[in-house]
Amino acid sequence: VSAKKVPYCDAPTDLSADIGPVTTTLSWVDTVSTSWEVTVQPEGSGLPSGNGETVSDTTYDANTNIGVTQEFYVRALCPDNVNFSPWAGPFVFGDYKPLELTGLNADVIANGVGDASVSAPQDIDGTGYAYLSEDFKVQETDADLSFGLPANGVLPSPNTDGLEYNFASYDANNSLRIETAGVEETITLPAGYPSEKIYLLTTSGSGSASISGDINFSDNTSQTFTSVTVPDWYYSTALPVAISGMGRISTFDNVIQNPFNNPRIYELELSIDNANQTKTITSIDITKDSGGVVNIFAI
């Protein structure tokens, strides 16, 4: 004969984390107890083996560690002031994390040495202009560029501490490019995460564009977004600018242009509904509704 012991009181519920650049406020719901123990530890550490830190409120301030994903557990001191509830958790929280993407369909960034039309066979705007990397040269003897996209492919956001984007290899497809209105393309995330927000590194060539789509989750549900504007790669500041003034090149004749503070790539923020924030994102369907040539580089 075996039995499962009934807990002395229920565990807290609705664990969450409000992440700031320095401090992350952890919270939970418990309307019965007045004291709790909290344990914050590296992701995947497992059920706490000892006591946590005692708090008398249903919030706890933890350090935001840039580039580190953590988890927290919380348990209640039962009303008898002797026994504890089971641990609730783990609730995983952390800094912004660049996501691996599959489904990119165009190479629009010239890099290395040689003809731009070879290293960037597609363009940003439908008229033959592409971005270029800092390491691009037409001839090996050409002077090094003082502008361009970062050669290592890593772009820190100038708008949000800790947020950075990883471009796909400049030697391969590095953009989800959608030129025709009504066409839907899908970005797949092989290692997605439950998220509060996602950020798209994006631009539109030959005029601003409007996109819509679905964020898909591992439980086969989805969240729709509609009528989101992607600004033109010149001059517009409708969204936070992630990078500007990195120049462009004509894939027809290898002429490099570097106009002041142009072209640009933007940072597009999409919020995940509260009900979906515990679900793992598996893919994002994106449809161009109207306007210019849409390019999405990183998430």
Side-chain angles (χ1 to χ4, degrees), residues 98-159 163-180 185 187 200-209 230-237 239-268 288 291-299:
L99 298 177
E100 178 187 353
L101 311 179
T102 61
L104 302 182
N105 59 8
D107 183 351
V108 296
I109 302 172
N111 69 300
V113 179
D115 193 292
S117 65
V118 175
S119 61
Q122 289 82 36
D123 60 23
I124 294 291
D125 61 350
T127 65
Y129 284 100
Y131 286 126
L132 68 167
S133 169
E134 294 170 329
D135 69 351
F136 176 78
K137 295 181 180 182
V138 178
Q139 303 289 338
E140 186 66 54
T141 55
D142 291 347
D144 293 341
L145 293 177
S146 60
F147 52 88
L149 294 176
N152 65 359
V154 177
L155 178 64
S157 168
N159 309 300
L163 174 61
E164 68 178 25
Y165 300 95
N166 286 352
F167 284 92
S169 172
Y170 297 152
D171 292 325
N173 286 344
N174 40 55
S175 170
L176 182 74
R177 185 180 186 277
I178 312 177
E179 187 168 3
T180 304
E185 298 285 354
I187 293 177
L200 276 60
L201 189 66
T202 182
T203 200
S204 178
S206 294
S208 63
V230 181
D232 185 70
W233 63 331
Y234 271 68
Y235 301 114
S236 177
T237 57
L239 293 175
V241 176
I243 186 173
S244 63
M246 62 283 193
R248 69 178 187 176
I249 187 167
S250 169
T251 60
F252 295 131
D253 55 16
N254 290 320
V255 172
I256 296 174
Q257 300 177 355
N258 185 30
F260 176 74
N261 215 24
N262 284 297
R264 305 178 181 201
I265 301 180
Y266 305 90
E267 189 172 283
L268 172 60
K288 173 187 161 179
V293 182
V294 174
N295 289 268
I296 297 172
F297 302 99
I299 298 178

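By convention here, the first residue in the shown sequence is residue 1.
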Hey, which of Phe167, Tyr170, Phe136, Phe297 is the one that makes side chain to side chain contact (heavy atoms under 4.5 Å, CB included) with Tyr131? Phe297
With Asn295 as partner, the option from Asn174, Leu201, Val108 fulfilling side chain to side chain contact (heavy atoms under 4.5 Å, CB included) is Val108
Supply the atom-to-atom distance [X] [atom1] to [Y] [atom2], rounded to the nearest 0.5 angstrom.
{"X": "Leu176", "Y": "Ile187", "atom1": "CG", "atom2": "CD1", "answer": "4.5 Å"}
{"X": "Ile124", "Y": "Ile249", "atom1": "CD1", "atom2": "CD1", "answer": "12.5 Å"}
{"X": "Ile109", "Y": "Asn173", "atom1": "CD1", "atom2": "CG", "answer": "10.5 Å"}
{"X": "Leu200", "Y": "Ile296", "atom1": "CG", "atom2": "CD1", "answer": "5.0 Å"}
{"X": "Glu185", "Y": "Thr180", "atom1": "CD", "atom2": "OG1", "answer": "9.5 Å"}
{"X": "Asp144", "Y": "Lys137", "atom1": "CG", "atom2": "NZ", "answer": "4.0 Å"}

Without swapping roles, check the side chain of [X] against the backbone of [Y] for a donor-acceptor pair under 3.5 Å.
{"X": "Asn105", "Y": "Arg177", "value": "yes"}
{"X": "Ser206", "Y": "Asp125", "value": "yes"}
{"X": "Tyr266", "Y": "Asp232", "value": "yes"}

With sequence neighbours left out, the residues meeting side-chain hydrogen bond (donor to acceptor under 3.5 Å, both in side chains) with Ser133 are Asp135
Listed pairs under 3.5 Å, donor-acceptor, residues 251-263 side chains, sequence neighbours left out:
unit_1, atom_1, unit_2, atom_2, d
Thr251, OG1, Gly128, O, 2.9
Asp253, OD1, Ser250, OG, 3.0
Asp253, OD1, Val255, N, 3.1
Asn254, OD1, Ala116, N, 2.9
Asn254, ND2, Asp115, OD2, 3.4
Gln257, OE1, Arg248, NE, 2.8
Gln257, OE1, Arg248, NH2, 3.0
Gln257, NE2, Tyr129, OH, 3.4
Asn261, OD1, Ser244, OG, 2.8
Asn262, OD1, Tyr235, N, 2.9
Asn262, OD1, Arg264, NE, 3.3
Asn262, ND2, Phe260, O, 3.3

Distance-only donor-acceptor hits, side chain of residues 148-158, under 3.5 Å, sequence neighbours excluded:
unit_1, atom_1, unit_2, atom_2, d
Asn152, OD1, Val154, N, 3.0
Ser157, OG, Asn159, N, 3.0
Ser157, OG, Thr160, N, 3.2
Ser157, OG, Glu267, OE1, 2.7

